[in-house]
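For clarity, every value in this text was computed on a predicted model and none was experimentally measured. We count residues from 1, following the sequence as given.
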Amino acid sequence: MNLSAANHLIRLNDGNSIPIIGLGTYSEPKSTTKGACLAAVKAAIDMGYRHIDGAYLYRNEHEVGAAIREQIEQGKVRREDIFYCGKLWATHHVPHLVRPALERTLKALELDYIDLYIIEMPMALKPGDVFYPKDENGRWLYHTSNLCATWEALEACKDAGLVKSLGVSNFNRRQLELILNKPGLKYKPVSNQVECHPYFTQPKLLKFCRQHDILIVAYSPLGTSRNPEWVNLSSPPLLKDAYLNSLAKKYNKTAAQVVLRFNIQRGVAVIPKSFNPERIKENFQIFDFSLTEEEMENVEGLNRNVRFVQLLMWSDHPEYPFHDEY
């Protein structure tokens, strides 16, 4: 794979292409200042990013869209240069809610189509417009998932020209096989967006996805924010790892750059989230060095099977994906 800052597209199983690094735009709506996402996306495009990962759930797609449109209007990029990934949230899995959910994303972005639309997680929550539905006792309101029916509704969105490629996120092998073995399957998932980094290298899932020509896109590729609501705080911070820092010193890079390089060098796309212009720039500067085969094996050997994002609040959901080995 000959990747460069100017050209780092990789081909998906449907013939479309995705830039191997993207900007993640997840933010806590309560603690993020207005305009922070817009500024970050504009800065990222200026620095060479062409892949933006977002979601209706993040409540900032209007800022992402405004940033993309400003850069197009200024002649810096064309729409077809930009790859936007949006996500179908768990309260919109019911087939008749799928297209309206995608249309809400398009309306927020003020774009005619998006490049990739993925099922954000395999667990369905009570259908409707409440993102996190609970009963009066604070218990989660689940919905029986029918992932194949949801997938068929997504296929119809692709046929209607609203989205170019379809994928999934947080799916385990069994859930991927449900879709892959679906009678009358029209479009395979092009990608599975999952947590993936040197402490959680996902060897078995990666092998399975490669066999089926499904790209792994790594979220939390640098470890993760330390939000106790979502994150296993007992896990050691990845970027403090001694071996990763020794490689960083050798290549005059940061541990974060080494970690991102490790994944792209093995064909895993990465979507590090940052709204800090310096970090955004640093995360992109991973095309001017490469790790040796031995170093790649050593980084692979750091795997502790430590999952930072465990989503334990939903661990009793029938479709909770992380009880299975992979």
Side-chain angles (χ1 to χ4, degrees), residues 8 18-72 76-77 79 81-90 92 101-102 104-111 113-121 131-132 163-165 167-170 191 193-197 217-227 229-231 256 260 263 269-284 286 308-309:
H8 47 274
I18 184 172
I20 202 163
I21 182 169
L23 177 75
T25 60
Y26 172 74
S27 63
E28 298 282 339
K30 292 187 194 92
S31 58
T32 307
T33 52
K34 195 171 171 239
C37 176
L38 183 138
V41 173
K42 282 179 68 177
I45 292 171
D46 281 339
M47 290 166 195
Y49 286 78
R50 295 295 179 262
H51 171 182
I52 312 295
D53 180 86
Y56 188 71
L57 182 73
Y58 305 168
R59 303 175 214 193
N60 57 15
E61 283 189 314
H62 57 289
E63 292 192 19
V64 174
I68 292 170
R69 290 193 318 278
E70 277 182 43
Q71 297 288 49
I72 291 170
K76 292 180 179 176
V77 287
R79 169 64 187 95
D81 300 327
I82 298 293
F83 188 101
Y84 181 76
C85 172
K87 304 186 186 82
L88 178 73
W89 180 236
H92 300 129
L102 174 52
R104 269 201 292 273
T105 274
L106 292 171
K107 191 177 174 193
L109 293 163
E110 293 184 47
L111 295 174
Y113 69 90
I114 57 173
D115 301 273
L116 175 60
Y117 200 46
I118 65 179
I119 301 176
E120 191 157 355
M121 64 180 194
F131 284 143
Y132 299 113
V163 57
K164 303 263 181 170
S165 298
V168 297
S169 179
N170 293 308
S191 59
Q193 188 180 122
V194 294
E195 180 179 346
C196 190
H197 46 73
V217 177
Y219 70 68
S220 302
L222 302 174
T224 184
S225 67
R226 314 294 277 179
N227 178 343
E229 285 176 40
W230 294 93
V231 175
L260 294 172
N263 258 334
V270 290
I271 44 168
K273 182 262 157 176
S274 181
F275 286 176
N276 172 328
E278 286 306 306
R279 289 267 165 73
I280 293 171
K281 186 177 179 182
E282 176 191 311
N283 290 342
F284 193 73
I286 53 175
F308 290 111
V309 183

| field | Heavy-atom check, side chain of Phe83 versus side chain of Lys164, under 4.5 Å | value | no

| request: Please indicate whether Arg279 has more than 12 foreign heavy atoms, meaning atoms of other residues, nucleotides or ligands, lying under 6.0 Å from its CZ. | output: no

| said: Quick check: closest heavy atoms across Gly22 and Pro272, and the distance to 0.1 Å? | reply: O-CD, 3.3 Å

| Side-chain donor-acceptor pair under 3.5 Å between Glu61 and Thr105, yes or no? | yes

| request: For the pair Leu88 and Leu102, evaluate side chain to side chain contact (heavy atoms under 4.5 Å, CB included) and give the outcome as yes or no after the intermediate values. | output: CA-CA 7 Å; Leu88 178 73; Leu102 174 52; over 6 Å; no

| field | side chain to side chain contact (heavy atoms under 4.5 Å, CB included) between Leu116 and Ile114, intermediate numbers included | value | CA-CA 6 Å; Leu116 175 60; Ile114 57 173; over 6 Å; no

| said: Looking at Phe275, I'd like to know if the NZ or CZ of Lys273 sits under 6.0 Å from its six-membered ring centre while staying within 45 degrees of the ring's axis. | reply: yes

| Any cation-pi pair here, Arg79 with Tyr84, using under 6.0 Å and within 45°? | no

| task | For the pair His197 and Phe308, name the ring-plane relationship: parallel under 30°, tilted 30 to 60°, perpendicular over 60°. | result | tilted

Please output the side-chain donor-acceptor pairs of residues 33-54 that fall under 3.5 Å, not counting sequence neighbours, one pair per line with the distance.
unit_1: Lys42; atom_1: NZ; unit_2: Glu70; atom_2: OE1; d: 2.6
unit_1: Asp46; atom_1: OD1; unit_2: Gln71; atom_2: NE2; d: 3.1
unit_1: Asp46; atom_1: OD1; unit_2: Lys76; atom_2: NZ; d: 3.2
unit_1: Tyr49; atom_1: OH; unit_2: Ile280; atom_2: O; d: 2.6
unit_1: Arg50; atom_1: NH1; unit_2: Ile45; atom_2: O; d: 2.9
unit_1: His51; atom_1: ND1; unit_2: Pro19; atom_2: O; d: 2.9
unit_1: Asp53; atom_1: OD1; unit_2: Lys87; atom_2: NZ; d: 3.4
unit_1: Asp53; atom_1: OD1; unit_2: Gln193; atom_2: NE2; d: 3.0
unit_1: Asp53; atom_1: OD2; unit_2: Lys87; atom_2: NZ; d: 2.6

| How about Tyr132 and Trp89: are their ring centres within less than 6.0 Å of each other? | yes

| Does Ala218 offer a backbone N or O that forms a donor-acceptor pair with the side chain of Asn263 under 3.5 Å? | no

| query | What distance do Leu260 atom CG and Ile286 atom CD1 have between them, rounded to the nearest 0.5 Å? | reply | 5.0 Å

| task | Find out whether Ile118 and Val168 are in side-chain contact, i.e. whether some heavy atom of one side chain is under 4.5 Å from a heavy atom of the other. | result | no

| query | Can Asn60 and Tyr26 be said to form a side chain to side chain donor-acceptor pair (under 3.5 Å), step by step? | reply | CA-CA 9 Å; Asn60 57 15; Tyr26 172 74; over 6 Å; no

| Stepwise, does the side chain to side chain contact (heavy atoms under 4.5 Å, CB included) test hold for Tyr117 with Cys85? | CA-CA 6 Å; Tyr117 200 46; Cys85 172; over 6 Å; no

| task | Keeping the roles fixed (side chain from Arg59, backbone from Ser27), state whether a donor-acceptor pair exists under 3.5 Å. | result | no

| query | Tell me, do Ile271 and Val217 make a side-chain contact under 4.5 Å, heavy atoms counted? | reply | yes

| Heavy-atom side-chain contact between His92 and Arg104 under 4.5 Å | yes

| request: To the nearest 0.5 angstrom, please state how far the SG atom of Cys196 sits from the OH atom of Tyr219. | output: 10.5 Å

| Pairwise side-chain contact, Val163 with Tyr113, heavy-atom cut-off 4.5 Å (strictly under) | no

| For His8, what residues pass the side-chain hydrogen bond (donor to acceptor under 3.5 Å, both in side chains) criterion, not counting sequence neighbours? | none

| field | Ser191 vs Ile18, side chain to side chain contact (heavy atoms under 4.5 Å, CB included): CA-CA, chis, key distance, verdict | value | CA-CA 10 Å; Ser191 59; Ile18 184 172; 5.9 Å; no

| task | Would you check if Leu222 and Asn283 make a side-chain contact, meaning some heavy-atom pair closer than 4.5 Å? | result | yes

